> 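Got a structure for you, written out below as structure tokens; questions coming shortly.
These numbers come from a predicted model, not from an experiment. Start at 1 and go down the list; that is how both ligands and their atoms are numbered.
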Amino acid sequence: MTEIATVVAAVTERIIERSREGRTAYLDQIARARDHGVDRSRMGCGNLAHGFAASGEDKAVIRAGGAMNIGIVTAYNDMLSAHQPYHRYPEQMKLFAREVGATAQVAGAVPAMCDGVTQGQAGMELSLFSRDTIAMSTAIGLSHGMFEGAALLGICDKIVPGLLMGALRFGHLPTVLVPAGPMPSGLANKEKQRVRQLYAEGKVGRAELLEAESASYHGAGTCTFYGTANSNQMMMEVMGLHVPGAAFVNPGTRLRTELTRAATQRVAAIGWDGNDYRPLGHCVDEKAIVNAVVGLLATGGSTNHAIHIPAIARAAGIVIDWEDIDRLSAVVPLIARVYPNGSGDVNHFQAAGGMAYVIRTLIDHGLLHADILTIAEGGLEAYARDPLLVDDGLTWVDGPAEPLDRTMLRPVSDPFLPDGGMRLVQGNLGRATMKTSAVDPERWTIEAPARVFTDQDAVLEAFKAGTLTGDLVLVMRFQGPRANGMPELHKLTTPLGILQDRGFRVALVTDGRMSGASGKVPAAIHVSPEALAGGPLARVQDGDLIRVSGDRGTLDVLVDAETWAARVDASPPPAPIGTGRELFAFMRHGADEAERGASAMLAAGGL
Ligand SMILES: O=C(O)[C@H](O)[C@@H](O)[C@H](O)[C@H](O)COP(=O)(O)O
Ligand code: SF4
């Protein structure tokens with residue numbers, strides 16, 4: 001076993017050991033749910049009649065029992081370009097289910113927030129907690145007990161984590177994630193960012209900016225940068241929860257339709273009444289969770305998963321922490337450069353070899369657990385293959401043995417960077433996540449005076465007024481889950497990027513989050529404990545010298561001990577109200593730390 005594979009095995013073992021009690025309890029619970037839980041065979045006639053009353057041509061089959069009824073949980077809405085294609089999926093999937101003697105019904109819908117629409121707006125303060133709302137909504141749908149399998153329609157940031165967290169509480173059900181794919185490439189992301197910087201400097205007007213944005217986000221499908229949504233798609237491949245190669249095929253194509261058919265019919269083939277039962281709770285085990293982290297590190301995925309993966313893991317009785325991620329990051333090389341970590345987008349990534357190539361090279365070097373229980377036959381090896389249209393449907397062929405574009409993809413033996421670049425940085429300011437893969441190594445360590453803010457708009461105003469300039473560490477505090485719901489602070493990327501381009505040494509330190517699409521500026525994010533929970537960020541003052549170091553893994557304020565001891569916490573801003581934020585106060589009050597998933601739902605549920 002190679003040295004790097006030894007580390008992956010050791011981290012996996014450490015997680016298995018730490019999770020033993022919780023995982024055993026979880027597996028017992030889903031076994032009980034299978035044997036004694038609510039499902040069609042144990043429901044009363046009245047319950048059943050209500051369940052199939054409006055099922056039309058499927059009524060006789062559902063009423064008779066004996067064939068799988070698939071519960072579809074859909075996150076369709078027109079706000080997310082990525083989810084708009086789901087509009088017709090349930091009708092298609094009912095047809096596909098009938099083709100194999102099964103049935104499908106929409107068990108329920110879940111809310112889905114577009115972080116792009118809410119970025120920089122008040123709605124972003126609901127974003128993180130929309131994940132748990134989605135988990136609870138998924139449970140509401142599946143709680144009808146009418147189903148022997150589930151199909152989850154969701155792609156974007158909080159939606160896949162939320163769907164999985166909810167469905168894992170019904171882990172006795174075989175379950176598939178059904179994606180819809182990325183929109184075709186429009187205006188290049190780097191050009192979009194260039195126009196944004198010109199606008200921020202007053203060099204172009206709103207008309208030009210809107211034109212650029214509209215040319216970038218121009219149609220149905222997932223946005224083409226490698227943010228949290230596309231990191232989700234990568235994770236579902238390395239966890240084996242899609243049909244192989246479903247992640248990055250564009251919507252509205254015949255191949256996409258055939259992949260949806262294959263997903264629907266695969267669920268029907270892995271139920272408990274057959275001889276190949278593959279329940280979700282067995283698929284999502286410690287090895288699958290480690291695969292998700294390895295895939296994230298190897299492809300330079302979204303920092304939001306430093307919060308979501310621990311939350312998903314907890315829903316399956318598994319405990320993973322930032323130390324695990326840091327240890328894996330030290331040995332998992334960066335083998336993909338997709339915007340913001342490079343120039344190309346996910347369509348270019350797919351054309352360069354995509355997930356089939358990534359999984360091939362990672363398995364070959366012992367960095368992925370190939371022996372996980374996947375929804376497809378053949379374990380993870382099946383996911384090093386690409387779907388191909390043939391006359392009577394689909395087949396799968398081996399992915400490329402070498403990258404087809406070495407500016408986008410590299411083998412593990414010749415990576416872009418020797419490590420995955422998502423580091424734990426810690427010191428007298430707390431513990432934080434720092435993504436170095438998108439940052440010039442020259443800027444992995446920044447030491448500069450603090451400029452302290454609690455509001456994004458105030459930062460943008462100071463930048464516009466020319467008073468935010470020079471070498472600086474921007475401290476954005478009271479942005480944690482308990483303060484205001486831990487919004488993404490992606491709007492800060494533009495002014496900080498401009499200061500950096502002007503040659504200043506800048507960094508961001510915050511108890512908030514960044515977008516998966518944030519890059520280039522060094523940032524220590526998710527600082528825990530957060531300022532509102534007594535974290536040291538509350539005591540930082542303008543002018544304090546702060547050192548953030550991805551090289552050394554440190555996060556410190558350089559103030560003498562006596563001065564620091566005399567400091568008192570700054571007063572927090574008032575509790576957020578308006579745009580529905582007051583409805584989420586109970587989630588803010590109960591949220592636990594980012595490292596454990598920042599979830600009031602999991603904390604209150606004793607998970
Ligand atoms: O984590 C993410 O990937 C982001 O939340 C992403 O989903 C969000 O939509 C970005 O804000 C889009 O980027 P722009 O805001 O730059 O368009
Ligand atoms: S990737 Fe982000 S911006 Fe694009 S549709 Fe999904 S949530 Fe919205």
> Are any of the N/O atoms on Ala229, whether in the backbone or the side chain, positioned under 3.5 angstrom from an N/O atom of ligand 1?
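Ala229 vs ligand 1: no N/O contact under 3.5 Å.
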
> Pull out every atom of ligand 1 sitting under 4.0 Å from any heavy atom of Gly227, numbered as shown with elements.
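In order of number, 3 (O).
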
> Quick check: His589 with Phe586 (ring centres under 6.0 Å apart)?
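Phe586 vs His589: aromatic centres not under 6.0 Å.
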
> Classify the angle between the aromatic ring planes of Phe584 and Phe129 as parallel (below 30°), tilted (30 to 60°) or perpendicular (above 60°).
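Phe584 vs Phe129 ring planes: parallel.
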
> Which one holds for Asp157 and ligand 2: side chain close, backbone close, both close, or neither close, with close meaning a heavy atom under 4.0 Å?
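Contact part for Asp157 vs ligand 2: side chain (C-beta onward).
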
> Step through it carefully: locate the ring centre of His87, locate the ring centre of Tyr76, and say whether they are under 6.0 Å apart.
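Here the rings of Tyr76 and His87 have centres that are less than 6.0 Å from each other.
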
> Got an N/O contact under 3.5 Å between Lys158 and ligand 1?
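Such a contact does not occur with ligand 1.
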
> Does the side chain of Gln119 come under 3.5 Å of the side chain of His490 through a donor N or O and an acceptor N or O?
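Result is no, nothing qualifies.
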
> Could you tell me the residue and atom name of the protein heavy atom closest to atom 9 (O) of ligand 1, and the distance to it rounded to 0.1 Å?
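Residue, atom and distance for the closest contact: Gly116 N, 3.0 Å.
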
> For atom 5 (S) of ligand 2, what's the nearest protein heavy-atom neighbour? Residue, atom name and distance, please.
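Heavy-atom neighbour on the protein nearest atom 5 (S) of ligand 2: Ser81 OG, 3.5 Å.
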
> From atom 15 (O) of ligand 1, work out which of Met514, Glu488, His490 has a heavy atom at the shortest distance.
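The option holding the nearest heavy atom is His490.
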
> Please confirm whether Tyr339 and Tyr226 have ring centers closer than 6.0 angstrom.
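Between Tyr339 and Tyr226, the centre distance exceeds or equals 6.0 Å.
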
> Consider only side-chain N and O atoms of Asp157 and Asn304, and report whether a donor and an acceptor are under 3.5 Å apart.
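No.
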
> Would you say ligand 1 has an N or O under 3.5 Å from any N or O of Ser302?
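Between Ser302 and ligand 1, no N or O pair is found under 3.5 Å apart.
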
> At a 4.0 Å cut-off, with the gap strictly under it, does some heavy atom of Arg196 reach an atom of ligand 1?
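Yes, Arg196 has heavy atoms under 4.0 Å from ligand 1.
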
> Taking 2.8 Å as the cut-off, does an N/O/S atom of Cys156 lie below it from atom 6 (Fe) of ligand 2?
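Yes, Cys156 qualifies, because one of its backbone or side-chain N, O or S atoms lies under 2.8 Å.
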
